[in-house]
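See below for the structure under consideration.
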Amino acid sequence: MKIAVVGAGVIGVSAALALKTRGHDVTIFDREGVASATSRGNAGAFAFTDVIPLATPGIMRKAPKWLMDPLGPLSVPPAYALKIAPWLLRFWRASRADRYEASLAAQSALMAQSSAALERLAREHAMEPFLRREGQLQLYEGVQQFEASLPEWREREAHGVRYQLLKRPEEIAEIQPGIAARFTHGAFTPDWLNVVDPKLWVDELAARFVAAGGDMCLQAVHAVRPGDAGASLVVDDPMRQTFDRVVIACGAWSKKLTAPLGDAVPLETERGYNTTLPAGAFDLKTHVTFGGHAFVVTRIGEGVRVGGAVELGGLDLPPNMKRADHLLAKAKAFLPGLKTEGGVQWMGFRPSMPDSLPVISRSSASPAIVYAFGHGHLGLTQSAGTAELVADLAEGKPSAIEMTPFSASRF
């Protein structure tokens with residue numbers, strides 16, 4: 001088939017490579033190029049252990065306190081509060097026990113699919129040199145915070161996640177020296193993976209796609225039009241381009257293409273901030289997560305990246321780089337040996353759904369149009385699995401997992 005993939009981030013490029021590997025004629029369309037937006041500057045983690053949705057039972061009791069702090073782990077800029085209100089209502093509904101359990105089951109299935117798909121991708125396309133298999137260390141301040149986390153660890157264990165609980169500072173230091181004494185407990189997940197660099201990862205996938213005969217087109221796609229036997233793209237070129245299948249995978253910008261097709265998905269934007277420090281900033285042995293503060297410290301190339309937290313602020317408001325400064329100051333306090341000079345700040349747009357599940361489905365307008373977006377902070381994590389599912393949808397084949405939870409019409 002002749003297939004267009006709209007979006008050259010990690011989801012779009014991974015899907016395009018999967019489709020090309022299956023023998024289709026595939027073209028990627030993007031207005032700026034490979035990994036030019038969100039996929040460029042993320043934390044570089046395959047967080048297969050993160051099966052717990054953000055909308056957990058009881059979270060709305062905590063949210064008001066978080067939302068009052070403009071530099072806290074979850075914030076909404078006042079200028080965006082009214083616009084985000086319908087999404088927050090759906091988020092609250094998703095936190096109800098029955099919906100939470102359903103989202104947890106669906107997320108776990110997608111994580112298992114994605115983990116296996118990543119191993120296939122690494123093997124078949126020689127991507128192992130671009131992976132780091134160094135595990136992840138999650139840290140807690142005191143026994144109370146640690147014990148409060150145990151139900152979630154048991155939940156992860158029930159869904160196949162391996163971990164080691166750390167109850168003494170010496171156990172933490174064996175895995176990662178240099179942690180501040182305030183962090184007394186932790187958990188280590190040995191199967192956690194990272195990429196050497198998220199931009200390099202997507203560049204390498206794109207290079208394999210092009211080497212296999214795939215095409216790249218630097219054009220903005222303004223609309224997707226369903227037809228009698230496929231779909232066409234409205235691009236800057238006055239001639240419409242017609243395809244047998246079109247995959248919409250442009251992250252936080254996808255809503256602009258799906259709404260005219262009749263699928264008004266509640267897609268919002270988690271704005272994430274980080275600072276990338278140069279080589280020698282800290283001798284980091286593993287991916288470190290400060291869960292109570294909603295940020296991570298991770299190796300990127302030869303440097304160190306400090307980033308995280310969630311700002312629900314849409315695509316148009318100017319960035320608040322005080323958030324990046326705040327995270328870096330915390331990292332310095334938590335890792336006393338961290339050298340914070342010479343850092344480069346960045347802000348990216350994570351495409352977020354209220355129930356933490358992406359949209360991976362056919363459009364209601366036409367089975368020739370396939371959606372793949374809304375992965376939140378798990379785009380890289382779920383990219384290989386999503387790619388295989390997208391290829392199955394495009395070809396009309398049965399999927400490896402139940403796809404109903406990921407339907408665009410579930411809301």
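Heavy-atom basis, side chains included; hydrogens, waters and symmetry copies ignored.
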Point to revise | salt bridge (charged side-chain N to carboxylate O under 4.0 Å, His left out) assessment of Glu128 paired with Arg120 | key: CA-CA 10 Å; Glu128 187 65 32; Arg120 288 189 286 270; over 6 Å; no

Practice item. Applying side-chain hydrogen bond (donor to acceptor under 3.5 Å, both in side chains), run through Tyr273 and Gln345 and close with a yes or a no. Key: CA-CA 7 Å; Tyr273 294 82; Gln345 293 182 330; over 6 Å; no

Whether [X] side chain and [Y] backbone form a donor-acceptor pair below 3.5 Å:
| X | Y | result |
| --- | --- | --- |
| Asp263 | Ser364 | yes |
| Lys339 | Phe282 | no |
| Ser36 | Gly33 | yes |
| Lys322 | His326 | no |
| Arg156 | Thr49 | yes |
| Arg271 | Gly314 | yes |
| Ser115 | Ala112 | no |
| Thr289 | Val296 | no |
| Ser366 | Ala368 | yes |
| Ser361 | Ala408 | yes |

On a heavy-atom basis, which atom in [X] and which in [Y] lie closest, and how many Å separate them?
| X | Y | result |
| --- | --- | --- |
| Asp236 | Gln219 | N-OE1, 3.4 Å |
| Ala43 | Ile300 | O-CD1, 3.8 Å |
| Ser409 | Ser407 | OG-OG, 2.9 Å |
| Gln145 | Gly292 | NE2-CA, 4.4 Å |
| Trp87 | Ser352 | NE1-O, 3.3 Å |
| Pro77 | Leu312 | CD-O, 3.4 Å |

Looking at [atom1] of [X] and [atom2] of [Y], how far apart are the two atoms once the value is rounded to the nearest 0.5 Å?
| X | Y | atom1 | atom2 | result |
| --- | --- | --- | --- | --- |
| Gln113 | Ile360 | CD | CD1 | 9.0 Å |
| Leu110 | Leu378 | CG | CG | 8.5 Å |
| Arg133 | Leu193 | CZ | CG | 4.5 Å |
| Leu257 | Ile248 | CG | CD1 | 5.0 Å |
| Phe183 | Ile172 | CZ | CD1 | 9.0 Å |
| Phe91 | Glu268 | CZ | CD | 12.5 Å |

Exercise for review: Tell me, with the steps shown, if Met353 and Leu267 meet side chain to side chain contact (heavy atoms under 4.5 Å, CB included).
Suggested key: CA-CA 5 Å; Met353 301 294 289; Leu267 179 68; 3.9 Å; yes

Exercise: do [X] and [Y] side chains pair donor with acceptor under 3.5 Å:
| X | Y | result |
| --- | --- | --- |
| Tyr100 | Ser95 | no |
| Asp355 | Ser103 | no |
| Ser75 | Arg323 | yes |

Point to revise | Full working for side chain to side chain contact (heavy atoms under 4.5 Å, CB included) between Trp253 and Thr38 | key: CA-CA 11 Å; Trp253 293 269; Thr38 310; 4.2 Å; yes

Using the side-chain contact (heavy atoms from CB on, under 4.5 Å) definition, which of the options [options] pairs with [X]?
| X | options | result |
| --- | --- | --- |
| Phe373 | Thr386, Val247, Thr258, Ile11 | Thr258 |
| Gln136 | Ile175, Thr189, Thr298 | Thr189 |
| Leu17 | Val5, Val210, Val26, Leu121 | Leu121 |

Review point. Can you list the steps and then say if Arg208 with Glu204 is a salt bridge (charged side-chain N to carboxylate O under 4.0 Å, His left out)?
Key: CA-CA 6 Å; Arg208 284 152 178 73; Glu204 289 292 331; 2.7 Å; yes

Check your understanding: Under the side chain to side chain contact (heavy atoms under 4.5 Å, CB included) criterion, do Arg362 and Ile369 qualify, and how do the steps go?
Key -> CA-CA 6 Å; Arg362 295 185 182 91; Ile369 302 172; over 6 Å; no

Just wondering, are more than 12 heavy atoms of other shown residues or ligands nearer than 6.0 Å to [atom1] in [X]?
| X | atom1 | answer |
| --- | --- | --- |
| Glu302 | CD | no |
| Asp316 | CG | no |
| Lys2 | NZ | yes |

Point to revise | Residue pair His293, Lys330: steps toward the side-chain hydrogen bond (donor to acceptor under 3.5 Å, both in side chains) verdict | key: CA-CA 9 Å; His293 300 267; Lys330 277 192 171 186; 2.9 Å; yes

Revision key, fill the gap. Residues pairing under side chain to side chain donor-acceptor pair (under 3.5 Å) where one sits in residues 169-180, two or more places apart or in two chains, turn out to be Arg168-Glu170

Review point. Any Lys/Arg nitrogen of Asp392 or Arg22 sitting under 4.0 Å from an Asp/Glu carboxylate oxygen of the other?
Key: yes

**Study point:** From CA spacing to verdict: side-chain hydrogen bond (donor to acceptor under 3.5 Å, both in side chains), His185, Glu141
**Key:** CA-CA 7 Å; His185 293 68; Glu141 297 173 87; over 6 Å; no

**Study point:** Asn194: which of His287, Arg132, Arg299 passes side chain to side chain donor-acceptor pair (under 3.5 Å)
**Key:** His287

Exercise for review: Mind running side chain to side chain contact (heavy atoms under 4.5 Å, CB included) on Met127 and Leu205 for me, showing each step along the way?
Suggested key: CA-CA 8 Å; Met127 295 296 290; Leu205 293 178; 3.7 Å; yes

Check your understanding: For Gln107 and Asp50, what are the C-alpha separation, side-chain angles and deciding distance, and is it a side-chain hydrogen bond (donor to acceptor under 3.5 Å, both in side chains)?
Key -> CA-CA 9 Å; Gln107 192 75 288; Asp50 283 5; over 6 Å; no

Practice item. Anything under 30° is parallel, anything over 60° is perpendicular, the rest tilted; go ahead and classify Phe334 against Phe295. Key: parallel

Review point. Where does the angle between the aromatic ring planes of Trp153 and Tyr163 fall among parallel (under 30°), tilted (30 to 60°) and perpendicular (over 60°)?
Key: tilted

